[in-house]
Asker: 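Handing you a structure now.
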Amino acid sequence: MVEGLKVLPSTSSGSRAVEGARLLKAVVAISCACTLAVLLVPDLLSGFLFLLQSVLEALFLPFRLLFDLALWLTTGRQIGDAVAGVGHAVGARPFSHTVIFRYAPAFLAVCGLLSFIAAVDGRTKSFLWLSFALHGIAGVVIGLPMASCLFPALISELVAVRRFSVITADDTQV
């Protein structure tokens, strides 16, 4: 009966720290990936839908023009109204709005992720604060509903700063 027991290797504090760092990296990476998806996927889908609308409008253009002209002949509307009614496209947001509220926060989130990975691997506390600041600025720019995807990253970065402070304090005492 005793032969079936196995001795598990003891986990040292170094391996726990490595596992904790991996977990923090995973949480920040997943949080940033979700933020990127929330920021970029809706514009991508609306672009495809706008393209589909443009294609369908081009296919139905001759029929719409004929029906508008027939309506013009029967009701006496002006020909300019019939031609102006053809192909009303949905107005898109200006490109500057998209850059400021979509692409810039996505860039900040990616830069924050890269600085966090560099900070955890190199144990550089200033990079941890930099990643926290970049993710905080990105969260402020995009607003509260979408910024909730960045909350796990911000909390993980604060935990990493705390762990880094504890590790450096232990190193200075030895």
Side-chain angles (χ1 to χ4, degrees), residues 5-57 88-174:
L5 296 176
K6 293 182 180 178
V7 177
L8 295 175
S10 64
T11 57
S12 65
S13 63
S15 65
R16 287 184 189 163
V18 170
E19 290 175 7
R22 286 182 187 162
L23 179 65
L24 289 175
K25 282 184 198 177
V27 168
V28 172
I30 290 171
S31 177
C32 289
C34 289
T35 303
L36 289 175
V38 165
L39 287 173
L40 300 179
V41 169
D43 285 339
L44 183 69
L45 289 177
S46 68
F48 284 135
L49 291 176
F50 184 72
L51 181 65
L52 179 67
Q53 178 187 5
S54 298
V55 168
L56 290 178
E57 281 181 355
H88 287 296
V90 177
R93 290 189 301 251
F95 185 67
S96 61
H97 182 272
T98 303
V99 167
I100 292 171
F101 294 107
R102 299 292 180 172
Y103 297 145
F107 180 73
L108 289 173
V110 170
C111 288
L113 173 65
L114 294 176
S115 66
F116 180 77
I117 291 172
V120 171
D121 289 341
R123 296 188 183 266
T124 308
K125 193 173 184 179
S126 62
F127 278 167
L128 287 174
W129 285 113
L130 176 66
S131 66
F132 182 76
L134 289 173
H135 286 145
I137 291 169
V140 168
V141 170
I142 60 177
L144 188 58
M146 289 188 281
S148 62
C149 293
L150 279 175
F151 287 157
L154 293 170
I155 292 169
S156 298
E157 288 161 357
L158 290 176
V159 168
V161 167
R162 183 175 163 263
R163 281 190 179 182
F164 181 74
S165 299
V166 170
I167 290 171
T168 55
D170 290 342
D171 290 341
T172 57
Q173 291 176 358
V174 173

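Computed from a predicted model, the values in this text were never measured in an experiment.
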Asker: Quick one: list whatever passes side chain to side chain contact (heavy atoms under 4.5 Å, CB included) with Leu108, sequence neighbours left out.
Answerer: Leu134, Ile137, Ala138
Asker: Less than 4.5 Å apart, side chain to side chain, heavy atoms only: is that true for Ser148 and Leu144?
Answerer: no
Asker: Residues two or more places apart in sequence or in another chain: which of them pass side chain to side chain contact (heavy atoms under 4.5 Å, CB included) with Val140?
Answerer: none
Asker: CG of Leu45 to CG of Leu40: how many Å apart, nearest 0.5 Å?
Answerer: 11.0 Å
Asker: Got Ile117 and Phe127 here, is their nearest side-chain heavy-atom distance under 4.5 Å?
Answerer: no
Asker: Applying side-chain contact (heavy atoms from CB on, under 4.5 Å), run through Asp43 and Thr98 and close with a yes or a no.
Answerer: CA-CA 9 Å; Asp43 285 339; Thr98 303; 3.8 Å; yes
Asker: Kindly give the heavy-atom pair with the smallest separation between Cys32 and Ala109, and that separation in Å.
Answerer: SG-O, 3.7 Å
Asker: Test: side-chain hydrogen bond (donor to acceptor under 3.5 Å, both in side chains). Region: residues 133-146. Which pairs qualify, not counting sequence neighbours?
Answerer: His135-Glu157
Asker: With sequence neighbours excluded, tell me which residues meet ring-ring contact (aromatic ring centres under 6.0 Å, His included) with Phe101.
Answerer: His97
Asker: State, to 0.1 Å, how close Ala106 and Leu39 come at their nearest heavy-atom pair, and which atoms those are.
Answerer: N-CD1, 3.7 Å
Asker: Can you name the closest pair of heavy atoms from Val38 and Arg102 and give their distance?
Answerer: O-NH1, 3.8 Å
Asker: Under the salt bridge (charged side-chain N to carboxylate O under 4.0 Å, His left out) rule, what pairs show up with a residue in residues 25-37, not counting sequence neighbours?
Answerer: Lys25-Asp121
Asker: Tell me, please, which residues at least two apart from Val55 pass side chain to side chain contact (heavy atoms under 4.5 Å, CB included).
Answerer: Leu59
Asker: Can you give me the closest heavy-atom contact between Ser131 and Gly112, atom names plus distance?
Answerer: CB-O, 3.2 Å
Asker: For Pro152, which residues count as a side chain to side chain contact (heavy atoms under 4.5 Å, CB included) partner, sequence neighbours excluded?
Answerer: Val27, Ser31
Asker: Could you check whether any side-chain heavy atom of Leu128 comes within less than 4.5 Å of a side-chain heavy atom of Leu158, counting everything from C-beta outward?
Answerer: no
Asker: So, for Ala29 and Leu113, which heavy atoms are closest and what is the spacing to 0.1 Å?
Answerer: CA-CD1, 3.7 Å
Asker: Under the criterion side-chain contact (heavy atoms from CB on, under 4.5 Å), I'd like the reasoning laid out for Thr35 against Ile142: C-alpha separation, chi angles, the key distance, then a yes or no.
Answerer: CA-CA 10 Å; Thr35 303; Ile142 60 177; 4.3 Å; yes
